[in-house]
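See below for the structure under consideration.
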Amino acid sequence: MVRIVPRLEVVRENLKKIKHEIGDFKFQGTGKVKSIIADEELEFEFGKIIPIRIKEIEISPNHVGLLSSYAINKFGHVIAIGEEVPLPIEMKRSADYVTFVAALQGKIKKGDLIGVFILFSVEIYR
């Protein structure tokens, strides 16, 4: 909790500067493909759903991400990506963990490629 409180204060201050819009999104331009790299080592059993720390991925304001539907790691599949404090799309964000579903018993090593994240610039419209 100690780490979250200062971050929340920064977020509150930054939100005052942003006009948050609610609407749908339209893709702009092309996507950027980012590798999802494990930042810890852990072992797991078949069928387990586990969080894995990853090397931080920066997400620019007004960008959304899609996970590749093709399994990249032989032991399982990344089904979600996120950060400790979710932020509005208009702000600079980052991802520092994933949720991983183990298809086999195995081990992830620090530095292993475990997935692919595709970032797209978007425009918000009503």
Side-chain angles (χ1 to χ4, degrees):
M1 187 72 176
V2 174
R3 185 174 157 212
I4 294 175
V5 174
R7 176 100 164 117
L8 287 176
E9 292 306 317
V10 170
V11 169
R12 284 187 186 115
E13 286 303 310
N14 288 338
L15 282 173
K16 292 176 186 175
K17 304 171 195 171
I18 293 174
K19 180 184 174 196
H20 182 65
E21 297 184 60
I22 298 174
D24 294 323
F25 305 105
K26 180 171 38 175
F27 286 118
Q28 302 282 341
T30 60
K32 296 179 195 172
V33 179
K34 306 294 262 178
S35 296
I36 301 172
I37 307 295
D39 200 29
E40 68 177 321
E41 188 170 300
L42 52 106
E43 293 184 33
F44 44 82
E45 298 175 15
F46 159 78
K48 294 292 181 182
I49 299 172
I50 54 173
I52 300 176
R53 280 192 325 267
I54 61 169
K55 291 188 179 179
E56 186 176 37
I57 297 173
E58 291 186 9
I59 304 169
S60 298
N62 296 320
H63 278 69
V64 295
L66 301 172
L67 292 167
S68 170
S69 60
Y70 186 81
I72 302 300
N73 187 280
K74 68 180 179 181
F75 293 114
H77 195 73
V78 173
I79 61 167
I81 189 166
E83 63 184 322
E84 188 175 12
V85 178
L87 299 173
I89 192 170
E90 297 89 353
M91 296 180 73
K92 181 179 178 183
R93 297 159 290 147
S94 63
D96 57 10
Y97 78 91
V98 298
T99 303
F100 186 84
V101 177
L104 301 170
Q105 180 174 337
K107 181 178 186 178
I108 295 289
K109 296 177 188 165
K110 189 172 183 173
D112 280 356
L113 175 65
I114 56 174
V116 172
F117 190 50
I118 308 158
L119 288 168
F120 293 95
S121 175
V122 295
E123 177 186 343
I124 301 171
Y125 68 93
R126 293 180 183 225

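Values below: every heavy atom of this structure, side chains too, minus hydrogens, waters and symmetry copies.
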- Query: What closest approach, in Å, do F44 and A102 show between heavy atoms, and which atom pair accounts for it?
  - Reply: CD1-CB, 3.4 Å

I want to check something: taking the side chain as every heavy atom from C-beta on, are [X] and [Y] in contact at a cut-off of under 4.5 Å?
| X | Y | answer |
| --- | --- | --- |
| I59 | F117 | yes |
| I50 | V101 | no |
| M91 | P61 | no |
| V64 | L66 | no |
| I118 | K34 | no |
| S94 | E83 | yes |
| I108 | I114 | yes |

Distance in Å, [X] [atom1] paired with [Y] [atom2], rounded so as to fall on 0.5 Å steps:
| X | Y | atom1 | atom2 | result |
| --- | --- | --- | --- | --- |
| F100 | L42 | CZ | CG | 8.5 Å |
| I36 | I52 | CD1 | CD1 | 10.0 Å |
| L119 | T30 | CG | OG1 | 11.0 Å |

- May I have all residue pairs that pass salt bridge (Lys or Arg N to Asp or Glu O under 4.0 Å) and include part of residues 46-59, sequence neighbours excluded? E40-R53, E58-K92

- What salt bridge (Lys or Arg N to Asp or Glu O under 4.0 Å) pairs are there with at least one residue in residues 108-117, not counting sequence neighbours? D39-K110

- Query: Do you reckon I37 sits in the same ILVMFWY cluster as V116, going by side-chain contacts under 4.5 Å, direct or chained?
  - Reply: yes

- Joint cluster assignment, V98 & V33, ILVMFWY side-chain distance < 4.5 Å: no

- side-chain contact (heavy atoms from CB on, under 4.5 Å) with E123: which residues, sequence neighbours excluded? K26, Q28

Show me the donor-acceptor pairs, under 3.5 Å and distance only, between side chains in residues 70-79 and residues at least two apart or in other chains.
unit_1	atom_1	unit_2	atom_2	d
N73	OD1	F75	N	2.8
N73	ND2	L113	O	3.2

- Query: Of all residues at least two apart in sequence or in a different chain, which pass the ring-ring contact (aromatic ring centres under 6.0 Å, His included) check with F120?
  - Reply: F27

- Item | Partner residues of E41 under the side chain to side chain donor-acceptor pair (under 3.5 Å) criterion, sequence neighbours left out | K107

